[in-house]
Amino acid sequence: MSSFPDLRLRRTRQAAWSRRLVRESSLSTDDLIWAIFVSDQDKPRDPVAAMPGCDRVNIDELVKDARRAAALGIPAIALFPHIDPASKTADAREALNPNGLIPSAVRAVKAAVPQIGVVVDVALDPYTDHGHDGLMEGDVILNDPTLDMLAQSAVVLAEAGADIVAPSDMMDGRIGAVRTALETAGHQDVMVMSYAAKYASAFYGPYRDAIGTSAALKGDKRTYQMDSANTNEALREVELDLLEGADMVLVKPGMPYLDIIRRIKDEFAVPTFAYQVSGEYAMITAAAQNGWLDEKRVILESLTAFKRAGCDGIITYFAPRAAGWLADG
Ligand code: PBG
């Protein structure tokens with residue numbers, strides 16, 4: 001006990017009502033974006049090996065999931081494609097196919113569940129035969145030729161009805177290229193969520209299996225994704241993306257990078273999101289399945305931590321589960 005007997009911080013912790021009263025941040029279903037893998041394979045649902053409880057879904061199942069999301073009050077879903085290896089090429093041309101998997105998925109969701117927000121990733125890696133986010137010459141990523149592809153693919157996705165395009169490729173100058181292309185094509189109302197601080201991370205492992213890029217990926221992504229040791233550089237990435245027209249920014253992965261979220265929010269005070277990535281999902285789920293962690297409490301605590309760090313929202317594979325628990329109170 002301190003020498004001043006009236007300094008007792010435990011007073012406000014005594015009862016549920018007083019803890020609620022002094023709570024500094026809160027998690028609500030309004031904060032959640034549900035990340036969903038969409039597949040062009042025949043199977044309606046296909047489990048992802050390292051992500052128990054998370055399936056790749058075909059478009060019919062996706063529409064059901066979108067209905068479920070809307071019923072739970074989840075504001076938006078984010079779509080990530082599993083593309084048949086036969087459609088992958090060095091020039092990633094499938095990314096520009098207006099009748100490709102993701103444009104078709106967006107149209108189907110928007111027709112059936114118009115009230116839900118649809119976020120789409122803009123990146124070439126699902127479509128390249130080498131698994132990188134940019135076009136390549138030998139071992140070198142071609143930054144500027146990639147921008148044109150990204151811009152065109154953003155327009156294809158906007159045309160299909162996407163509400164938010166989210167460039168996740170980490171090429172320099174891509175937000176400006178995407179914004180300009182959207183304006184030129186008359187899509188001034190489509191929002192850009194920039195993966196501004198995206199780190200070269202081992203936490204993406206299960207995702208790359210889920211969308212089928214890990215088998216193809218040659219080398220790693222360290223020449224374009226950020227070094228996990230850096231934080232000042234994240235602020236520069238965010239500043240440039242805002243100047244180029246980003247409406248919101250995202251930090252990825254999530255939990256190992258809460259310090260980056262806090263710095264960005266303090267510095268720029270713009271809508272800031274975290275992506276609780278596949279490896280974070282895998283860690284929590286594996287421990288919970290072994291009975292080593294309390295699944296519900298750990299998931300809600302991890303999501304609340306993002307809010308405390310300064311996030312406005314979180315892209316997460318746990319969204320439907322979390323929304324269900326939040327509705328139960
Ligand atoms: C690729 C992309 C990645 C993720 C989302 N978009 C992985 C990568 O950069 O290889 C990872 C998401 C996750 O791990 O859940 N543009």
Side-chain angles (χ1 to χ4, degrees), residues 32-39 48-56 77-83 88 92 94-95 101-102 119-136 141 143 146-147 149-150 153-154 157 162 164-171 174-175 178 192-228 237 249-257 273-286 299 302-303 306 314-319:
L32 305 174
I33 299 175
W34 181 5
I36 304 178
F37 298 118
V38 190
S39 173
V48 176
M51 300 177 73
C54 197
D55 299 332
R56 301 177 196 92
I77 56 176
L79 310 182
F80 300 90
H82 174 281
I83 300 294
K88 299 182 191 234
E94 180 63 15
L101 175 65
I102 293 292
V119 184
V120 288
D121 218 49
V122 177
L124 301 185
D125 59 319
Y127 307 101
T128 52
D129 55 9
H130 45 66
H132 279 287
D133 295 48
L135 301 174
M136 295 187 86
I141 301 283
N143 192 95
T146 301
L147 298 185
M149 287 291 291
L150 295 169
S153 114
L157 295 163
I164 301 182
V165 295
S168 71
D169 55 287
M170 289 300 278
M171 295 302 121
R174 84 263 211 236
I175 301 302
V178 163
V192 176
M193 174 189 278
S194 167
Y195 284 64
K198 175 169 177 179
Y199 287 86
S201 173
F203 286 95
Y204 308 147
Y207 172 97
R208 290 182 190 162
D209 290 338
I211 72 158
T213 56
S214 41
L217 185 62
K218 298 189 189 86
D220 59 48
K221 301 192 175 186
R222 279 185 272 196
T223 68
Y224 46 105
Q225 298 179 349
M226 284 181 57
D227 186 326
S228 59
E237 284 283 1
V249 297
L250 180 134
V251 174
K252 175 184 178 188
M255 212 147 75
Y257 295 88
F273 291 80
Y275 193 149
Q276 184 176 49
V277 300
S278 57
E280 298 173 70
Y281 179 97
M283 286 194 303
I284 292 176
T285 304
I299 291 172
S302 71
L303 294 169
F306 290 116
I314 306 110
I315 299 184
T316 175
Y317 304 95
F318 290 127

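In listed order, ligands and their atoms are each counted from 1. Remember, predicted model here, so these are calculated numbers, not experimental data.
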Peer 1: Angle class for the Y317/Y275 ring planes (parallel below 30°, perpendicular above 60°, tilted otherwise)?
Peer 2: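 Tilted: the ring planes of Y317 and Y275 meet at 30° to 60°.
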Peer 1: If I take atom NZ from residue K218 and atom CE from residue M136, how far apart are they, to the nearest 0.5 angstrom?
Peer 2: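 Rounded to the nearest 0.5 Å, the NZ-CE separation comes out at 8.0 Å.
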Peer 1: For a side chain to side chain contact (heavy atoms under 4.5 Å, CB included) with Q225, tell me which candidate from Y204, Y199, Y195 qualifies.
Peer 2: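 In the set Y204, Y199, Y195, the residue that makes a side chain to side chain contact (heavy atoms under 4.5 Å, CB included) with Q225 is Y204.
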Peer 1: Using a threshold of 4.0 angstrom between heavy atoms of the protein and any atom of ligand 1, which residues qualify?
Peer 2: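 Within 4.0 Å of ligand 1, the protein residues are D121, A123, D125, D133, S168, K198, F203, Y204, Y207, R208, K221, Q225, K252, Y275, V277, S278, Y317.
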Peer 1: Keeping the roles fixed (side chain from T285, backbone from A282), state whether a donor-acceptor pair exists under 3.5 Å.
Peer 2: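 No, T285 side chain to A282 backbone: no donor-acceptor pair under 3.5 Å.
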Peer 1: Where do D169 and V122 come nearest, in terms of heavy atoms and distance?
Peer 2: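 Heavy atoms only, the tightest pair is OD1-O, 3.7 Å.
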Peer 1: Provide the closest heavy-atom pair for S278 versus Y207 in the form atom of the first, atom of the second, distance.
Peer 2: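 That would be OG-N, 3.0 Å.
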